[in-house]
Engineer: 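Encoded as structure tokens, here's the structure I'll be asking about.
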Number of protein chains: 2
Amino acid sequence: MISERDRIVAAARGMVEAGGVDALSMRKLAAELDVAHTAIYWHVGSRDELIGAVIDAFLADLGDITPTGRTPRARMESVAREIRRQVVEHRALVALAMEQGRFPGMWFPAQVALAREVSAAGLKGAEAARAVTSLLYLAGAFVMLEAAFEEHAHEAHATVELWRGVEDPRIDRGLKTRMARGFDAASVFEDTLEAVLDWIMAKSEGD
Amino acid sequence: MISERDRIVAAARGMVEAGGVDALSMRKLAAELDVAHTAIYWHVGSRDELIGAVIDAFLADLGDITPTGRTPRARMESVAREIRRQVVEHRALVALAMEQGRFPGMWFPAQVALAREVSAAGLKGAEAARAVTSLLYLAGAFVMLEAAFEEHAHEAHATVELWRGVEDPRIDRGLKTRMARGFDAASVFEDTLEAVLDWIMAKSEGD
DNA sequence: ACCTGAACACCGTTCAAGT
DNA sequence: ACCTGAACACCGTTCAAGT
């Protein structure tokens, strides 16, 4: 049975997904649901509570992370990619959850999934914990940065423009022309992920 | 000569630094400056324009990045650390600049500084560009994630709580107890930075 | 139990009127 | 050239009054 509260939360979530939290107005929400704007308060208490409920619904929907691949390295990689994929798909909601400090619900399942694969790779104790947190931060952090980039893709070309004007003998010319061509976030993620996985595997072999 | 406009921008910047953009209200700002709230519009046009001016002032204040250390690796490391330091010191303003898509002003000087050191390390062309962007993303992304964490430090303990309840034979026990103790962002940054630098140096030696 | 309408305290912005 | 005050269209929230 879907309650009126559920309908309100679903509509609010739609507004957040479409335009970020700032687009969530109690009055517009009420208009969309064809009720007086004050009616909403009977169901959700306040705008902050409503935002909390939207995040709850989102976190509940977040699927489990199931690693794929045969080697521990491939499986760690798949978990990191899966985290990234989930987060990319729900940028607005993830940004909101982060803003609101909802880290446990957001990241704990991913942490556990990573912990299993890192254990399988043979890492233990503090070293294993550092591997887990590095991978977690990597996936989470890159996505937040990317979200900011994508929302302002039109301004990326300004950086490219600036690079065109650089004349510095200490900078490799090939590097300069590359920077002046721009780059895509996904491949930067892949590179950094490879680097961190190399580092982790080196540790696991060192034991 | 400091104009009335400068005074307004400075006061607005103070409000943003203290409480984020949401804390910047034209009416409160006017009250602080002891003028009618409508007077501000003569000098800055609109709230959005004012926010733009606040970011401009911040970016102009951002110091140059001067690498330290003798080996290329140490110098790249120092640049990454310096980016992080600058950003950590001005979390609210950096977050605002990112939100507004002001990437060029925010990151271009850092990119150039990194490009010099990566060139000095012997990397060239596309490979060098990937090294620069990895380091840049790393510093920028981690800081944004950290900013979110720090603002909600009280809730970090909830994750720690969750770890305590985990009973999974596939997860190393030492890893589990480590995760249940929490971790600090700075050392995660250091770890990941080492990993990326290892990866870069391996490439530079491969040539 | 659920909804409405009036009311209050906030916003950003415009504009005629003052000096 | 610079400031004020009234006015408008938006907010979130409370609460008495209705069914």
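Hydrogens, waters and symmetry mates play no part in the numbers below; they use all other heavy atoms, side chains included. Each chain gets a letter, A, B and so on, in the order its sequence line appears, and its residues count up from 1.
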Engineer: Do A:Val166 and A:Ile171 have side chains that get closer than 4.5 Å, going by heavy atoms?
Structural biologist: yes
Engineer: With a 3.5 Å limit on both atom pairs, tell me what C:dC3 is paired to, counting Watson-Crick and G-U wobble, or say none.
Structural biologist: none
Engineer: Nearest to the B:Thr38 side chain among C:dC3, D:dC3, D:dA6, which nucleotide is it?
Structural biologist: D:dA6
Engineer: Between B:Trp199 and A:Asp191, is any pair of side-chain heavy atoms under 4.5 Å apart?
Structural biologist: yes
Engineer: Calculate the interatomic distance between B:Glu4 atom CD and D:dC2 atom P; express it in whole Å.
Structural biologist: 9 Å
Engineer: For A:Asp172 and A:Arg178, what are the C-alpha separation, side-chain angles and deciding distance, and is it a salt bridge (charged side-chain N to carboxylate O under 4.0 Å, His left out)?
Structural biologist: CA-CA 10 Å; A:Asp172 173 62; A:Arg178 267 284 163 184; over 6 Å; no
Engineer: Can a cation-pi geometry be assigned to B:Arg84 and B:Phe189, taking NZ or CZ under 6.0 Å from the six-membered ring centre and within 45° of the ring axis?
Structural biologist: yes
Engineer: Whole angstroms only, please: what is the CD1-P distance between A:Ile8 and C:dC2?
Structural biologist: 11 Å
Engineer: Name the closest nucleotide to the B:Trp42 side chain, picking from D:dC2, D:dT13, C:dC3.
Structural biologist: D:dC2
Engineer: Can you tell me the distance, in whole Å, between the CG atom of A:Leu29 and the C1' atom of D:dT13?
Structural biologist: 15 Å
Engineer: Any protein N or O atoms within reach of nucleotides 8-12 of chain C? Criterion: under 3.5 Å, listing atom names and distances.
Structural biologist:
from	atom 1	to	atom 2	distance (Å)
C:dC11	OP1	B:Lys28	NZ	3.0
C:dG12	OP1	B:Met26	N	3.0
C:dG12	OP2	B:Met26	N	3.0
C:dG12	OP2	B:Arg27	N	3.4
C:dG12	N7	B:Arg27	NH1	2.3
C:dG12	O6	B:Arg27	NH1	2.9

Engineer: Closer than 4.0 Å, any side-chain N/O of A:His43 to the OP1 or OP2 of C:dC3?
Structural biologist: yes
Engineer: Rounded to the nearest Å, what distance is computed from the CG atom of residue A:Asp34 to the C1' atom of nucleotide C:dC3?
Structural biologist: 13 Å
Engineer: Whole-Å distance between D:dC2 P and B:Leu33 CG?
Structural biologist: 16 Å
Engineer: Decide yes or no for A:Leu50 and A:Tyr41: does some side-chain heavy atom of the first lie under 4.5 Å from some side-chain heavy atom of the second?
Structural biologist: no
Engineer: Any side-chain heavy-atom pair from A:Met179 and A:Leu175 closer than 4.5 angstrom?
Structural biologist: yes
Engineer: Could you identify the nucleotide paired to D:dC8, looking across every strand shown and requiring Watson-Crick or G-U wobble geometry with both distances under 3.5 Å?
Structural biologist: C:dG12
